[in-house]
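Reading through the structure tokens given below for one structure.
Everything quoted here is computed from the prediction, not taken from an experiment. Reminder, nothing fancy here: chain letters follow the sequence lines and each chain counts from 1. Below, all heavy atoms of this structure are taken into account, side chains as well, without hydrogens, waters or symmetry copies.
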Amino acid sequence: MKDFAGVQVNWPRNDYSRVPYSIYHDPEIYALEQEKIFRGRCWNVLCLEAEIPNPGDFRVCHVGDTPVVVNRDDDGELYAFVNRCAHRGAEIVREPWGTAKEHTCIYHAWLYNRKGDLKGVPFRRGANGKGGMPECFDMKNHNLVKVRVTSFNGVIFGTFHHDMEPIEDYLGPLFTKHVGEMFNRPIKILGYQRQRIAANWKLYPENIKDAYHGSLLHEFNRTFGLSRLTQVAGGYMDEKHRHSILFQYKGSDSDEEALKAYIENGVKKGEIAGLNDYSMVNIIDENPFGMSTRVMNVFPNCFFHQIGNTLAMRKIRTLGVDGFELTWVLYTYADDSEEMVQHRLNQANMVGPAGLISMEDGEALEMVHRTTKSAAEDEMAVIEMGGIGSIGDRDTRVNEVTIRGFWAYYAQLMGFAPEGAEQ
Amino acid sequence: MKDMKDVVVARSNPTIPAEIRQQASELILDSVLHLDRMELEAWIDCFDQTSCYHVIPRENIDCGYPSAIIRCDSLDIIKDRLMVLDVSSKYNPHWDRHFLNGTQFQSYENGILIAHTNFMIVQSTLEGFSKLFVAGHYEDKIVFTADGAKLRERIVVLDTFSVPNLIAVPL
């Protein structure tokens with residue numbers, strides 16, 4: 001057993017308004033995260049049911065670093081197992097997606113069913129009376145590592161802890177409401193957008209929980225009122241502060257008052273003159289709560305967005321201490337008109353690695369990662385927007401309290417929260 | 001992995017006039033040289049008035065999913081994207097260089113030439129470090145106007161669909 005007793009983090013303030021830069025770079029912390037977070041007591045998103053609609057359909061997903069095969073059996077039930085042969089550890093499923101009756105490891109042809117149970121070991125009894133497995137070898141003891149799965153309105157979550165609380169309890173009422181609403185009827189997958197960002201994975205949930213940057217970094221947002229610090233908005237969390245939702249209402253400020261506020265605050269650049277085609281920034285009213293944008297993080301690896309009329313589940317896969325892959329799974333409702341589908345496809349120009357309001361995030365994260373690598377042990381991020389001390393919801397975008405919520409839950413799970421820490 | 005959609009066609013398809021092939025090859029090469037030089041106005045001039053430009057992950061095509069990474073269904077939307085890039089987008093400062101192989105001419109019917117061209121883009125930082133950025137192929141529909149050969153449609157099929165960081169400048 002690897003001993004992580006030596007992993008320490010110096011939190012100078014117990015409200016997490018200071019975050020030591022070393023937390024993004026320490027390989028021991030990264031190894032502990034794989035155990036305590038991704039393989040720990042969390043529900044990780046795997047994929048959407050609509051990605052594997054038919055019996056036998058499978059998809060390889062990742063829980064942190066761990067490759068997990070999610071598939072559907074003949075009875076329609078979902079099963080998941082770690083993609084690592086119980087014999088010698090080879091990768092069993094080698095295509096990222098497909099349909100299969102069973103799964104056979106190419107190395108020695110050990111065969112598993114869709115539940116991950118070992119069903120065949122070639123030459124188990126030897127050949128010509130020689131060799132073979134010992135009498136005591138029992139296939140039942142050599143199944144694949146099972147991942148418990150659950151579907152919440154078609155969103156498939158998995159956990160290595162078979163006694164985890166039900167997903168509704170994990171989400172809490174606020175996220176049961178919002179995630180539930182985004183998946184309140186059958187969907188169709190529109191496709192994937194993927195990017196590999198050379199930054200520590202934790203910078204991404206931080207970015208998603210950072211209401212402050214949304215219209216400063218993303219000037220397109222500001223010009224078209226998709227996100228502005230002058231809007232009616234908020235950053236809310238579940239009671240454990242692990243999940244977050246940032247939301248705002250387009251049209252709750254005027255272009256004039258917004259422009260004035262940004263100029264008064266010394267932000268002058270980036271006034272986009274106008275578009276030749278405004279269809280991209282047109283929002284067709286469909287959110288029952290009136291929100292023009294809402295972006296959620298369900299701790300640890302899962303994100304949902306409704307940005308105008310683009311809908312997506314996003315997930316992260318860790319790629320070592322210095323990188324992660326971000327996958328955007330874009331969808332539409334099965335009962336949408338062809339016109340609405342085309343509108344969502346057109347608005348997808350705003351999101352993903354080439355998104356007009358999202359390409360900047362990758363660059364910001366890589367910059368932070370690159371330059372904090374050389375920081376001294378006592379150099380830290382300052383997270384005070386929206387106030388210090390107690391962690392709670394705020395009705396503004398001039399707010400980073402949700403980031404402190406992330407660190408509070410993270411530090412508890414990792415077992416290195418400071419004495420008397422905010423929770 | 002075999003690409004079932006790859007139809008093998010000789011480069012020197014004799015049924016397509018040599019002059020047409022020559023004009024198209026020059027257009028395709030010009031289009032990427034404009035991008036490498038960040039001559040974005042000149043790049044737009046490679047397109048016809050009724051053109052579209054899409055960047056599509058190869059996996060979406062394989063899965064039968066319609067969404068793109070960049071989807072410009074008109075010249076206006078292409079122009080908007082470049083305007084936003086110019087005044088508001090922030091991205092990694094870099095130089096691009098495109099490397100193309102020979103174009104495969106698929107067909108020439110009703111004045112429309114269909115041409116496929118593989119590409120690689122090597123990206124270099126301002127500190128002088130280079131690496132392969134993306135690989136894929138162009139599926140072009142080319143028309144021949146009084147102003148010469150123009151792109152009616154460019155579909156950029158991206159093999160490198162797990163994009164390193166971001167795509168700002170068109171591919």
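Put simply, of B/Ala168, B/Ser74, B/Pro164, B/Cys63, the one with the most heavy-atom pairs under 4.5 Å next to chain A is B/Cys63. Across A/Val351, A/Leu345, A/Leu365, the residue that shares the most heavy-atom pairs under 4.5 angstrom with chain B is A/Leu345.
With a 4.5 angstrom heavy-atom cutoff, B/Asn60 touches chain A only via side-chain atoms. Interface residue A/Trp97: only side-chain heavy atoms are found under 4.5 Å from chain B. Within the 4.5 angstrom heavy-atom criterion, only side-chain atoms of A/Leu330, from C-beta onward, approach chain B. Heavy-atom distances place the side chain of A/Gln342, and not its backbone, under 4.5 Å from chain B. Heavy-atom distances place both the backbone and the side chain of A/Glu360 under 4.5 Å from chain B. Both the backbone and the side chain of A/Leu217 come within less than 4.5 Å of a heavy atom in chain B.
No side-chain heavy atom of A/Arg194 sits under 4.5 Å from any side-chain heavy atom of B/Pro57. Taking 4.5 Å as the limit, every side-chain heavy atom of B/Ile77 sits out of range of all side-chain heavy atoms of A/Asn276. The closest side-chain heavy-atom distance from A/Met359 to B/Lys90 is not below 4.5 Å.
Remark: the backbone N or O of A/Asp277 is paired with a side-chain donor or acceptor of B/Asp80 at under 3.5 angstrom. Of the possible donor and acceptor atoms, one in the side chain of B/Ser67 sits under 3.5 Å from a partner among the backbone N and O of A/Leu190.
Checking A/Glu366 against B/Asn92 by side-chain atom types alone, no donor-acceptor pair falls below 3.5 Å. Inspection of the A/Asn346 and B/Arg71 side chains reveals no N or O donor paired with an N or O acceptor under 3.5 Å.
In summary, the aromatic rings of B/Tyr65 and A/Tyr192 are positioned with their centroids under 6.0 Å apart.
When all heavy atoms are compared, the tightest approach of B/Met83 to A/Gly274 is CE-O, 3.2 Å. Annotation for B/Val87 and A/Glu219: closest pair O-OE1, 3.6 Å, computed over non-hydrogen atoms. Taking both residues in full, the closest heavy atoms of A/Ala354 and B/Arg81 are given as O-NH1, 2.9 Å, listed atom of the first, atom of the second, then distance.
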message: With side-chain hydrogen bond (donor to acceptor under 3.5 Å, both in side chains) as the criterion, how do B/Asn165 and A/Glu363 come out once you've worked through the C-alpha distance, each side chain's angles and the decisive distance to 0.1 Å?
response: CA-CA 7 Å; B/Asn165 196 6; A/Glu363 184 57 11; 3.1 Å; yes
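Of the inter-residue distances, the one linking B/Ile69 atom CD1 with A/Gln195 atom CD reads 8.5 Å to the nearest 0.5 angstrom.
By a heavy-atom distance cut of under 4.5 Å, not one residue of residues 34-50 of chain B is near chain A.
Counting non-hydrogen atoms of other residues, nucleotides and ligands closer than 6.0 Å to OH of A/Tyr212 gives a total of 12 or fewer.
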